[in-house]
Amino acid sequence: MATQRILDFLATRRPDGPCLVVDLDIVEDNFNAFRKALPDSAIFYAVKANPAPEVLRLLASLGSNFDCASVAEVEMALEAGATAKRISYGNTIKKERDIARAHALGVSLFAVDCVEEVEKVARAAPGARVFCRVLTDGEGAEWPLSRKFGCVPTMAIDVLVHADALGLIATGVSFHVGSQQTDTQAWDAAIADAKYVFEALADKGIVLTLVNMGGGFPTRYLKDVPTASAYGQAIFASLRKHFGNRLPETIIEPGRGMVGDAGVIKAEVVLVSKKSAEDANRWVYLDIGKFGGLAETMDEAIRYPMVTKHDGERTEPCVVAGPTCDSADVLYEKTPYPLPISLTVGDEVLIEGTGAYTTTYASVAFNGIEPLRAYVI
Ligand SMILES: *Cc1c(COP(=O)(O)O)cnc(C)c1O
């Protein structure tokens with residue numbers, strides 16, 4: 001949402017070119033909402049969603065922990081004031097020397113999803129704690145994380161037994177139900193899988209303690225989404241259902257839900273045209289597209305709200321495209337986007353809900369366009 005602080009910033013600073021403005025007050029509200037929704041779960045912010053130093057420093061000061069996917073992200077979290085104990089290396093795909101570097105920095109909690117990765121961790125971070133990621137079907141998610149990460153629960157048992165045998169601390173199970181998950185019940189099947197792995201390991205004398213319930217919490221784009229508290233209630237009910245009174249330690253790793261609605265991209269209309277006199281759709285070209293940070297419009301998966309000064313006037317379906325010389329740089333075409341007919345060259349367009357997964361996806365210099373600038377206020 002374009003908060004008054006963001007609107008005031010844009011009105012007074014008038015930055016040229018496309019840029020993201022992030023309102024830290026919204027990040028703080030989101031953090032507090034997660035803490036209230038799941039008071040017994042530790043929060044590990046997924047750094048990749050928006051690693052701006054100001055965001056990381058705020059979250060570190062509020063008591064957040066950090067889910068990192070690389071040594072560089074570990075260093076950013078440390079720089080922001082987190083101790084190594086508050087960092088999880090949550091990527092299941094790591095170079096052995098990066099595991100060693102993270103371990104040397106004090107990180108002692110690692111994700112794995114196969115015995116090959118367990119062997120790397122055992123060599124590079126002896127004695128560390130590991131959790132095994134299980135697959136989920138990603139149903140209900142607008143940005144599913146598919147089959148790239150995780151293994152089936154029966155394999156997770158072998159992976160954790162192997163970790164234990166190699167002197168690692170087999171700590172628990174993790175999963176991610178898919179990003180922009182709009183179904184509050186989506187965690188249930190994965191929590192059942194976690195319980196199944198816990199029991200199988202207990203039978204072998206290995207006591208697991210941790211369920212890492214990942215991210216997936218949505219940002220409001222064009223449609224309403226359930227509140228953090230609705231997710232908290234559904235998740236807590238599933239934990240009770242499957243684990244009874246012996247609840248495990250739990251963590252959540254919100255990324256999008258922590259920062260998505262805290263950011264707005266200011267863009268500008270560069271061209272409005274048609275492809276033929278009879279063309280039903282106008283083409284609206286903005287000064288930002290897929291290569292400028294809006295990569296999540298891939299397959300038109302994420303539909304961002306766009307605000308213009310002509311809102312309320314009559315609209316027409318438009319194809320919305322970016323400014324670069326690549327025909328893949330079209331944001332919405334299969335489902336054209338209704339925009340005011342009076343929208344014209346030079347008009348400002350505010351693209352809302354863009355605090356997550358934008359700045360880091362921007363290309364370095366495609367067509368000489370600089371990476372997306374960000375102001376954190
Ligand atoms: C990306 C990621 C997250 C954050 O997911 P969101 O859907 O943005 O909340 C959390 N955990 C892991 C392991 C991830 O890779």
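These numbers come from a predicted model, not from an experiment. Indexing begins at 1, ligand by ligand and atom by atom, following the structure's order.
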Checking heavy atoms under 4.0 Å, the part of Ser179 that sits near ligand 1 is both
Tell me whether Tyr357 reaches ligand 1 (any heavy atom closer than 4.0 angstrom to a ligand atom). yes
Under 4.0 Å from one or more heavy atoms of Ala46, ligand 1 contributes atoms 3 (C), 4 (C), 10 (C)
Ligand 1 atoms nearer than 4.0 angstrom to some heavy atom of Arg133 are 13 (C)
Exceeds 12 heavy-atom contacts within 6.0 angstrom, atom CG of Asp16: no
Within less than 4.0 angstrom of ligand 1, does Gly257 place any heavy atom?
no
query: Lys290 and Asp329: salt bridge (Lys or Arg N to Asp or Glu O under 4.0 Å), yes or no, with the steps?
result: CA-CA 5 Å; Lys290 273 202 171 70; Asp329 192 10; over 6 Å; no
Exercise. Check the pair Trp187, Tyr231 against ring pair (Phe, Tyr, Trp, His ring centres under 6.0 Å), reporting the backbone distance first and the verdict last.
Key: CA-CA 9 Å; Trp187 279 256; Tyr231 284 90; 5.6 Å; yes
Nearest heavy atom to atom 5 (O) of ligand 1, choosing from His176, Arg256, Glu142, belongs to His176
Under 4.0 Å between heavy atoms, the region of Lys148 that gets near ligand 1 turns out to be neither
Quick note on ligand 1: atoms under 4.0 Å from a heavy atom of Gly215 include exactly 5 (O), 9 (O), 10 (C)
Practice item. May I ask you to check whether Ser179 and Arg256 show a side-chain donor-acceptor distance below 3.5 Å? Key: yes
For Glu253, the atoms of ligand 1 under 4.0 Å from one of its heavy atoms are 3 (C), 4 (C), 9 (O), 10 (C), 11 (N), 12 (C), 13 (C)
Taking only non-hydrogen atoms of Pro254 and a 4.0 Å limit, the atoms of ligand 1 in range are 9 (O)
Spell out, as yes or no, whether a donor-acceptor pair under 3.5 Å connects the side chain of Thr92 to the backbone of Asp113.
no
*asked:* Any heavy-atom pair between the side chains of Thr354 and Leu20 that's under 4.5 Å?
replied: yes
* Tell me, yes or no, whether the heavy-atom count around Arg13 atom CZ, taken from other residues, nucleotides or ligands under 6.0 Å, exceeds 12. => no
(Q) If only side-chain N and O atoms count, and only distance matters, is there a donor-acceptor pair under 3.5 Å linking Thr308 with Asp311? (A) yes
Taking side chain as C-beta onward, heavy atoms only, is Thr209 less than 4.5 Å from Phe198? no
Within 4.0 Å of some non-hydrogen atom of Gly255, the atoms of ligand 1 are 4 (C), 6 (P), 8 (O), 9 (O)
Next item on the list: Dump the intermediate steps for salt bridge (Lys or Arg N to Asp or Glu O under 4.0 Å) on Asp261 and Arg220, then the final yes or no.
Entry: CA-CA 7 Å; Asp261 65 348; Arg220 188 191 190 287; over 6 Å; no
*Report yes or no: does Gly216 have a heavy atom closer than 4.0 Å to ligand 1?*
yes
Legend entry - Any Met258 heavy atom less than 4.0 Å to ligand 1: no
query: What do you reckon, does Lys48 have a nitrogen or oxygen under 3.5 Å from a nitrogen or oxygen of ligand 1?
result: yes
So for Asp67 against ligand 1, with non-hydrogen atoms under 4.0 Å, the contacting part is side chain
